[in-house]
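Note that ligands are numbered from 1 as they come in the structure, with each ligand's atoms numbered from 1 the same way.
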Amino acid sequence: MPTVNEAAWILEPKSNLKVLPALYSTPLQDEIVIKNQAFAIQPLDAKIRSQAYIDVPYPFILGNGVAGIIEELGSLVTRFQKGDRVVSDTPTYQRKQSKYGGWQRYVVGTESTTAKIPPNTTFEDAAAIPFALLTAVAALHLHLGMDKPNTNRNGKVLIWSASGSVGGYAVQYAASVGYEIVATASPQKFDYVRKLGATEVLDYKDAQIVSKLKQLGPYDFVMTASGDDKGANAISEVLQPSGGRFASTRPKSEGMNLADNVSLIYDFFSTATQKAENRSFTSWWYRDYLPTALAGGVTPTPLEKRPGGLCKIQEACSDVLEGRSSKKLVLNPQND
Ligand SMILES: NC(=O)c1ccc[n+]([C@@H]2O[C@H](COP(=O)([O-])OP(=O)(O)OC[C@H]3O[C@@H](n4cnc5c(N)ncnc54)[C@H](OP(=O)(O)O)[C@@H]3O)[C@@H](O)[C@H]2O)c1
């Protein structure tokens, strides 16, 4: 009997999601089919759903990262077997094909962007961690040139807005490399950010934030995880008089007033492993770093399991965009 698949479809730009049947796609040579057990709602997915933030062909299935059980393997796949528990970053927004969309019961992934889930790690944690962790590590390591874990003994890093998902992983990665971390966050999150590895945490709303951060510097690496205008402008001042560069989760905007000697480095950091030029990083990521991180190497962003499966994605997206949850929202598409 053919496998029955179902998805939360977006039929036209910015329209409400509809749960409808979807094709079960057999895998191409280097592909795998995953019986999807968990996916996290990322701000990116939510923005594409409600704002058509990235151009995709409609009707379409959104979502680009899933955790589940391998159902079927392509003929050239060697690293996995049917029944393996895996986490996969799928090329939904690069190849723009619905078979890769995470918001369905059976998802197609590629062998090169898939990792085994360690035995004691839940599907929910495995689904929630990689996107934000990859964003932080790609920004710091690939774009700013920070080295790999346990390779450094001195130096300082500034992480602006360290209490969220990306910021929290940026703190942990930089600390694991060996840097001293200065961070900003809301005061109620200071203890949490210290536990992640920051030695100093300051309130980003403090009127004296620039002078305080300057006193604690200089910094070898700087990143803003919120990517907002105020943070970028403050960083530009902190970097004076010599200037420098910093990574930002959001692109340069009109509200930013950066000094001429300061450059903002922006990319879709979360898609780093989909790019051919990052082949060696990608191999390290899925074979080494990510499995270690999932096995307890990082403290996960707190997550919330949302019941209701595919039918509840839209509500979860609104909660993410409107800031109604400080946790990563994770759903299981096999649930009704
Ligand atoms: N470029 C990429 O590849 C990429 C990838 C992933 C995410 N992103 C973007 O990165 C951003 C963060 O994503 P996330 O998943 O880490 O979100 P998140 O977990 O919701 O964290 C957002 C954090 O931002 C802080 N914040 C809110 N307003 C702020 C402000 N005005 N100034 C400074 N900090 C503020 C909050 O910290 P407090 O509670 O301490 O105030 C919150 O913890 C989003 O805009 C997302 O779209 C980009």
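Atoms of ligand 1 found under 4.0 Å from any heavy atom of T135, numbered from 1 in the order shown, are 2 (C), 3 (O), 4 (C), 5 (C), 6 (C). Using a 4.0 Å cut-off to heavy atoms of Y266, the atoms of ligand 1 that qualify are 1 (N). Ligand-side atoms of ligand 1 in range of S165: 15 (O), 16 (O), 18 (P), 19 (O), 21 (O), range being under 4.0 angstrom from any heavy atom. In the vicinity of F131, heavy-atom distances shorter than 4.0 Å reach the ligand 1 atoms 5 (C), 6 (C). Atoms of ligand 1 lying under 4.0 Å from any heavy atom of S163, numbered from 1 in the order shown and given with element: 37 (O), 38 (P), 39 (O), 40 (O), 43 (O). With ligand atoms numbered from 1 in the order given, ligand 1 contributes 40 (O) to contacts under 4.0 Å with heavy atoms of A185. Taking a cut-off of under 4.0 Å to the non-hydrogen atoms of S226, the atoms of ligand 1 that pass are 33 (C), 34 (N), 35 (C). Residue F268 approaches ligand 1 through these ligand atoms, each under 4.0 Å from one of its heavy atoms: 3 (O).
By the 4.0 Å heavy-atom criterion, A225 is counted among the residues contacting ligand 1. Close to ligand 1: K47, with a non-hydrogen atom less than 4.0 angstrom away. Contact between V193 and ligand 1 is absent, with no heavy atom of the residue lying under 4.0 Å from the ligand. Contact annotation: D228 has at least one heavy atom less than 4.0 Å from an atom of ligand 1.
Among the candidates L73, T114, I70, I34, the single residue satisfying the side chain to side chain contact (heavy atoms under 4.5 Å, CB included) test with D84 is I70.
With a 4.0 Å heavy-atom cut-off, ligand 1 is reached by the backbone of D267 but not by any atom from C-beta on. Of all the heavy atoms of T249, the ones lying under 4.0 Å from any atom of ligand 1 are found in both the backbone and the side chain. Under 4.0 angstrom from ligand 1, the non-hydrogen atoms of P43 all belong to its side chain. By the criterion of a heavy-atom distance under 4.0 Å, the side chain of K328, and not its backbone, is placed next to ligand 1.
Looking at A162, A247, S186, it is S186 that brings a heavy atom closest to atom 38 (P) of ligand 1. Selection from A139, S161, A40 by nearest heavy atom to atom 24 (O) of ligand 1 gives S161. Taking each of K189, K327, K205, R250 in turn, the one with a heavy atom nearest to atom 45 (O) of ligand 1 proves to be R250. Of the listed options Y204, F269, Y169, Y204 places a heavy atom closest to atom 30 (C) of ligand 1.
Side-chain atoms of S88 and T90 form no donor-acceptor pair, as typed in the model, at a separation below 3.5 Å. A donor and an acceptor atom, one from each side chain of D89 and Y286, are located under 3.5 Å apart. When only modelled atom types and interatomic distance are considered, R95 and Y100 share a side-chain donor-acceptor pair under 3.5 Å. For the residue pair Q314/N16, the side-chain donor-acceptor check at 3.5 Å is satisfied. If you check the side chains of Q240 and N261, you find a donor sitting under 3.5 Å from an acceptor.
Of the charged side-chain nitrogens involved, at least one lies within less than 4.0 Å of a carboxylate oxygen, so that E31 and K99 count as a salt-bridged pair. Ion pairing between D55 and K96 fails under the 4.0 Å rule for side-chain N and carboxylate O. With respect to the salt-bridge test (charged N to carboxylate O, under 4.0 angstrom), the residues E277 and K275 do not qualify.
In this structure, atom 22 (C) of ligand 1 lies nearest to the protein heavy atom G164 CA, 4.2 Å. The protein heavy atom nearest to atom 13 (O) of ligand 1 is V166 CG2, 4.0 Å.
Relative to the ring axis of F123, R85 places its NZ or CZ within 45° and under 6.0 Å from the centre.
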Does the pair K148 and Y289 meet the rule for a side chain to side chain contact (heavy atoms under 4.5 Å, CB included), with working shown?
CA-CA 10 Å; K148 288 185 176 167; Y289 185 78; over 6 Å; no

Kindly determine whether E124 and V330 satisfy side chain to side chain contact (heavy atoms under 4.5 Å, CB included), including the steps that lead there.
CA-CA 6 Å; E124 289 81 11; V330 180; 3.9 Å; yes

For D206 and K212, what are the C-alpha separation, side-chain angles and deciding distance, and is it a salt bridge (Lys or Arg N to Asp or Glu O under 4.0 Å)?
CA-CA 9 Å; D206 185 333; K212 288 181 180 176; 2.6 Å; yes

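Proximity of atom 43 (O) of ligand 1 to the protein is indicated by at least one non-hydrogen atom lying closer than 4.0 angstrom. Within a 4.0 Å radius of atom 2 (C) of ligand 1, the protein has at least one heavy atom.
Distance check, rounded to the nearest 0.5 Å: OH of Y173 to CZ of F221 gives 9.5 Å.
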